[in-house]
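For reference, the structure discussed in these notes is given below.
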Amino acid sequence: TALPILATLLFLALLFWTVNGQPLPHGCQSFCSGHGQCVAGWPYRYCNCDWNNYRGDYCQTRITSLKSGQTVGGFLFPGYWNYYFFNVNASQPKPLPKGSYLVMSVTANLSDPFYPYAKAPDLYTQFAHQANATDFACHANGTETKGHPSHVCNVTDASKLTPTSVWYMGVYRAENNTGPYAVTATLHGP
């Protein structure tokens with residue numbers, strides 16, 4: 001008879017477990033992964049992520065900032081994403097000259113001796129918000145050449161290259177091909 005009472009008490013304790021003095025709500029699992037704040041909403045609470053670095057329902061996905069010309073290495077298993085963003089203002093705080101363009105690319109890292117046949121993962125880009133498989137401005141996945149597998153997206157629309165513009169890049173490995181890669185965003189003048 002003590003076991004059902006103990007189980008009931010344990011259930012009630014978990015039900016009313018608190019974070020910052022308030023019940024742990026649906027929508028803030030994993031304490032927002034330690035990368036955000038649990039915010040009151042209706043009908044549930046939700047995670048307000050550290051916007052510059054993390055995304056996702058539970059702030060579980062890191063997003064990395066890129067500077068113009070900077071190459072950042074990464075590693076992906078099939079079915080996973082890595083995210084990046086490029087802030088035009090950080091690279092060019094004044095209006096861009098006419099004819100400027102942005103090149104975003106992902107390249108397989110063939111110099112890694114453990115993954116000599118790695119292919120470049122897919123590249124998805126989007127203006128002003130995070131890219132994904134259904135919401136993107138450019139999806140590059142077919143420009144591989146022997147000895148230099150890479151995928152490239154170019155932006156030439158001047159209205160999307162203002163000092164307040166932010167471009168997002170999603171790198172996704174859809175194939176059964178694990179391995180390292182390098183991602184770059186470079187702002188070019190005329």
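Atom set for the values below is all heavy atoms of this structure, side chains included, hydrogens, waters and symmetry mates excluded.
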Query - Test side chain to side chain contact (heavy atoms under 4.5 Å, CB included) applied to Thr162 and Val88, step by step - result: CA-CA 7 Å; Thr162 67; Val88 173; over 6 Å; no
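- Partners of Val72 by side-chain contact (heavy atoms from CB on, under 4.5 Å), not counting sequence neighbours, listed by chain and number: Leu66, Gln70, Tyr84, Val183.
- With Cys153, the cysteine Cys138 has an SG gap short of 2.5 Å.
- Heavy atoms only, all atoms of each residue included: Ser100 and Gly189 are closest at OG-CA, 3.9 Å.
- Two residues are said to be in side-chain contact when any heavy atoms from C-beta on lie closer than 4.5 Å; Trp167 and Met104 meet this criterion.
- To the nearest 0.5 Å, atoms SG (Cys49) and OH (Tyr58) are separated by 11.0 Å.
- Shown here are the ring-ring contact (aromatic ring centres under 6.0 Å, His included) partners of Tyr83, two or more places apart in sequence or in another chain: Trp81.
- Ser165 places a side-chain N or O within donor-acceptor distance of the main-chain N or O of Lys160, the cut-off being under 3.5 Å.
- Distance check, rounded to the nearest 0.5 Å: OH of Tyr168 to CG of Asn87 gives 8.0 Å.
- The SG atoms of Cys59 and Cys47 sit 2.5 Å or more apart.
- Remark: Thr184 engages Thr71 in a side chain to side chain donor-acceptor pair (under 3.5 Å) (not counting sequence neighbours).
- Checked against side-chain contact (heavy atoms from CB on, under 4.5 Å), Phe75 has the following partners two or more places apart in sequence or in another chain: Phe77, Tyr115, Thr178, Pro180.
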Requested in this report: Check step by step if side chain to side chain donor-acceptor pair (under 3.5 Å) holds for His151 and Asp122.
Outcome: CA-CA 7 Å; His151 302 302; Asp122 289 2; 4.6 Å; no
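- Under the rule for a side chain to side chain donor-acceptor pair (under 3.5 Å), the partners of Gln126 that lie at least two apart in sequence or sit in another chain are Asp135.
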Requested in this report: Output, in order, the C-alpha distance, side-chain angles, deciding distance and verdict of side chain to side chain contact (heavy atoms under 4.5 Å, CB included) for Phe85 and Ser65.
Outcome: CA-CA 5 Å; Phe85 72 96; Ser65 173; 3.5 Å; yes
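- Among residues two or more places apart in sequence or in another chain, the side-chain contact (heavy atoms from CB on, under 4.5 Å) test is passed with Thr156 by Tyr101.
- Thr134 and Asn132 make their closest contact through N-OD1, 2.8 Å (heavy atoms, listed as atom of the first residue, atom of the second, distance).
- Separating the CG atom in Leu76 from the OH atom in Tyr181 is a distance of 4.5 Å, to the nearest 0.5 Å.
- Annotation: side chain to side chain donor-acceptor pair (under 3.5 Å) contacts of Thr186 (sequence neighbours excluded): none.
- The distance from atom CE of Met169 to atom CD1 of Ile63, rounded to the nearest 0.5 Å, is 10.5 Å.
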Query raised in the report: Are Val155 and Phe127 close enough, and set up right, to give a side chain to side chain contact (heavy atoms under 4.5 Å, CB included), and what steps lead you there?
Result: CA-CA 10 Å; Val155 180; Phe127 175 70; over 6 Å; no
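- By the ring-ring contact (aromatic ring centres under 6.0 Å, His included) test, His35 pairs with Tyr54, sequence neighbours left out.
- Residues meeting the side chain to side chain donor-acceptor pair (under 3.5 Å) test with Asp157, sequence neighbours left out: Ser159.
- Atom CG in Leu102 sits 8.0 Å away from atom NE2 in His188 (nearest 0.5 Å).
- Counting heavy atoms from C-beta outward, Leu187 and Leu96 have side chains that approach closer than 4.5 Å.
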